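Some notes on the structure that comes next.
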2 protein chains.
Amino acid sequence: MSGDEPAGDSHASLHALVWARLRRVDQRYTSGRQAIVELFLQAGHPVSISDIVEALPALPRSSAYRHLTDLQSAGVVRRVAASDEFSRFELDENLTAHHHHLLCTSCGRVIDITPSAVVERAVSSHLNELAAAEDFEPHSHRIDVLGICAVCR
Amino acid sequence: MSGDEPAGDSHASLHALVWARLRRVDQRYTSGRQAIVELFLQAGHPVSISDIVEALPALPRSSAYRHLTDLQSAGVVRRVAASDEFSRFELDENLTAHHHHLLCTSCGRVIDITPSAVVERAVSSHLNELAAAEDFEPHSHRIDVLGICAVCR
DNA sequence: CTACTTGCAAATGCTTTGCAGGAGA
DNA sequence: TCTCCTGCAAAGCATTTGCAAGTAG
């Protein structure tokens with residue numbers, strides 16, 4: 001569906017990168033972790049713990065949580081704030097590209113969107129000014145659009 | 001501190017508005033709820049359940065949760081996504097003004113910021129276009145800047 | 001071999017609820 | 001007086017953790 005590249009090979013370099021990131025913090029890229037990263041690649045949008053456990057029945061919930069925690073501290077994934085109370089995760093922007101989200105307030109679904117470079121730049125610099133006025137040191141930003149997704153309409 | 005208006009009177013109309021909203025859903029504006037709304041007004045930024053319970057020692061935790069739920073469904077307050085795992089709340093934008101947040105990734109603090117109308121408008125229309133492309137019906141948006149606040153720097 | 005991983009089950013901790021008495025309109 | 005509100009204590013539930021066995025390097 002949303003694959004612009006030949007599945008296997010295009011992901012090989014990414015897996016190698018993940019492997020390196022984990023090694024940096026003395027962690028191993030085990031099969032369970034690979035399965036999760038592969039799921040992120042296939043999904044193409046933030047997924048919840050339940051999504052992961054459903055897609056990988058052999059993976060215990062506690063391991064899913066632990067893997068996510070470890071992958072997060074290794075800089076491989078990041079937690080996404082959704083409109084419902086469930087945590088969702090996606091590959092860190094260091095491994096993908098800067099983007100924002102459409103949050104469905106009806107079903108909780110999260111969809112990726114990529115703003116134009118022009119708008120992105122304008123917003124970014126404006127936000128940095130506002131942050132500076134508060135003596136706040138900005139590191140990144142996130143923009144979410146709340147509404148109803150195509151499925152729920 | 002951050003009060004541009006004479007405390008009591010300027011808030012009177014807002015309390016009246018809150019009262020009306022609650023009445024609309026057959027709920028009463030009791031002292032506990034008033035205390036919470038008053039706290040929001042004084043704080044001027046999103047507050048957590050713990051903040052509320054600390055500021056209002058006589059208020060049981062369970063009541064705080066219930067009040068927040070009720071005020072939320074009455075359209076008086078809304079939940080704010082922070083950078084830590086704690087829920088925070090603020091007065092709904094119908095009662096205040098559209099604004100965004102600075103989220104401290106170190107202490108979890110949330111600071112309000114108001115973007116210029118020009119940028120706001122540009123971002124808004126651009127986001128609506130992106131949403132339309134996904135057949136997504138946008139209702140509102142939120143913009144957060146993640147970083148380190150003045151206190152934590 | 002040594003250190004990190006995993007499963008399972010038990011524990012945590014925030015949040016929600018059932019109930020009975022209290023209060024607003 | 002009727003309905004909604006409150007406190008307290010008892011759940012609920014997503015997430016975390018202790019421990020012992022398994023496995024990557």
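Atoms considered below: every heavy atom in the structure, side chains included; atoms not considered: hydrogens, waters and symmetry mates. In this text, all values refer to a predicted model and were calculated from it rather than measured experimentally.
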Would you say C:dT5 has OP1 or OP2 under 4.0 Å from some side-chain N or O of A:Arg33? yes
So which nucleotide from C:dT6, C:dT5, C:dT17 ends up closest to the side chain of A:Arg66? C:dT6
Go through the structure and list residues passing side-chain hydrogen bond (donor to acceptor under 3.5 Å, both in side chains) with B:Ser62, not counting sequence neighbours. none
Euclidean distance, atom CG of residue B:Leu68 to atom P of C:dC14 [Å, nearest integer]: 16 Å
Only pairs under 3.5 Å count here: list side-chain donor-acceptor contacts from residues 141-153 of chain A, not counting sequence neighbours, and write none if there are none.
residue, atom, partner, partner atom, Å
A:His141, NE2, A:His98, NE2, 3.3
A:His141, NE2, A:Glu120, OE2, 2.7
A:Arg142, NE, B:Asp144, OD2, 2.8
A:Arg142, NH2, B:Ala81, O, 3.3
A:Arg142, NH2, B:Asp144, OD2, 3.3
A:Asp144, OD2, B:Arg142, NE, 2.8
A:Asp144, OD2, B:Arg142, NH2, 3.2
A:Arg153, NH1, B:Asp135, O, 3.3
A:Arg153, NH1, B:Asp135, OD1, 3.1

Go through the structure and list residues passing side-chain hydrogen bond (donor to acceptor under 3.5 Å, both in side chains) with B:Ser87, not counting sequence neighbours. B:Arg79
In whole angstroms, the gap separating P of C:dA3 from CG of A:Asp70 amounts to 18 Å
Salt bridge (charged side-chain N to carboxylate O under 4.0 Å, His left out) contacts in which one or both residues fall within residues 98-112 of chain B, not counting sequence neighbours: none
Pair A:Glu90-A:His99, side-chain donor/acceptor within less than 3.5 Å: yes
Qualifying residue for side chain to side chain contact (heavy atoms under 4.5 Å, CB included) with A:Leu95, from A:Val37, A:Val76, A:Val77: A:Val76
What are the atom names and distances for every N/O pair under 3.5 Å that joins the protein to nucleotides 10-13 of chain D?
none

Side chain of A:Ser62 only, heavy atoms from C-beta on: which candidate in D:dA14, D:dT17, C:dC14 is closest? D:dT17
Rounded to the Å, how far apart are B:Arg61 CZ and C:dT17 C1'? 17 Å
Assign A:Asp26 to base, sugar-phosphate, or nothing according to its heavy-atom contacts below 4.0 angstrom with the strands shown. sugar-phosphate
Rounded distance in Å - CD (B:Gln34) to P (D:dC5): 13 Å
Give, ordered by number, those residues of residues 51-59 of chain B having at least one heavy-atom distance below 4.0 Å to an atom of DNA chain D; if nothing qualifies, reply none. none
Atom-to-atom span, CG of A:Asp84 to C1' of D:dA14 - whole angstrom: 13 Å
List for me each residue that meets side-chain hydrogen bond (donor to acceptor under 3.5 Å, both in side chains) alongside A:Ser48, sequence neighbours excluded, and say none if there are none. A:Asp51
Rounded to whole angstroms, how far apart are CD on B:Gln72 and P on C:dT16? 10 Å
Would a 4.5 Å heavy-atom cut-off, applied to side chains only, mark A:Ile113 and B:Phe136 as touching? no
Checking all strands, does B:Glu85 fall into the base, sugar-phosphate, or nothing category for heavy-atom contacts under 4.0 angstrom? nothing
Going by ring pair (Phe, Tyr, Trp, His ring centres under 6.0 Å), name the pairs with one or both residues in residues 22-58 of chain A, residues two or more places apart or in two chains. A:His15-A:Tyr29
Among D:dC4, C:dG7, C:dC14, the one nearest any side-chain atom of A:Ser63 is C:dG7
A:Asp70: partners by side chain to side chain contact (heavy atoms under 4.5 Å, CB included), with sequence neighbours left out: A:Gln27, A:Arg33
Mind calculating the distance between CD1 (B:Ile49) and C1' (C:dT16) to the nearest angstrom? 12 Å
Of all the choices, D:dT6, C:dT16, C:dT6, which nucleotide is nearest to the side chain of A:His67 once you look at every atom? C:dT6
Closest to the B:Pro60 side chain: C:dC8, D:dG7, D:dT16? D:dG7
Between the protein and nucleotides 22-25 of chain D, are there any N/O to N/O pairs under 3.5 Å, and if so, what are the atom names and distances?
residue, atom, partner, partner atom, Å
D:dA24, N3, A:Arg28, NH1, 3.4

Just how far, in rounded Å, is C1' of D:dA14 from CZ of B:Phe86? 14 Å
Which pairs count as side chain to side chain donor-acceptor pair (under 3.5 Å) when at least one residue sits in residues 121-134 of chain A, sequence neighbours excluded? none
By side-chain hydrogen bond (donor to acceptor under 3.5 Å, both in side chains) - contacts of A:Arg23 (at least two apart): none
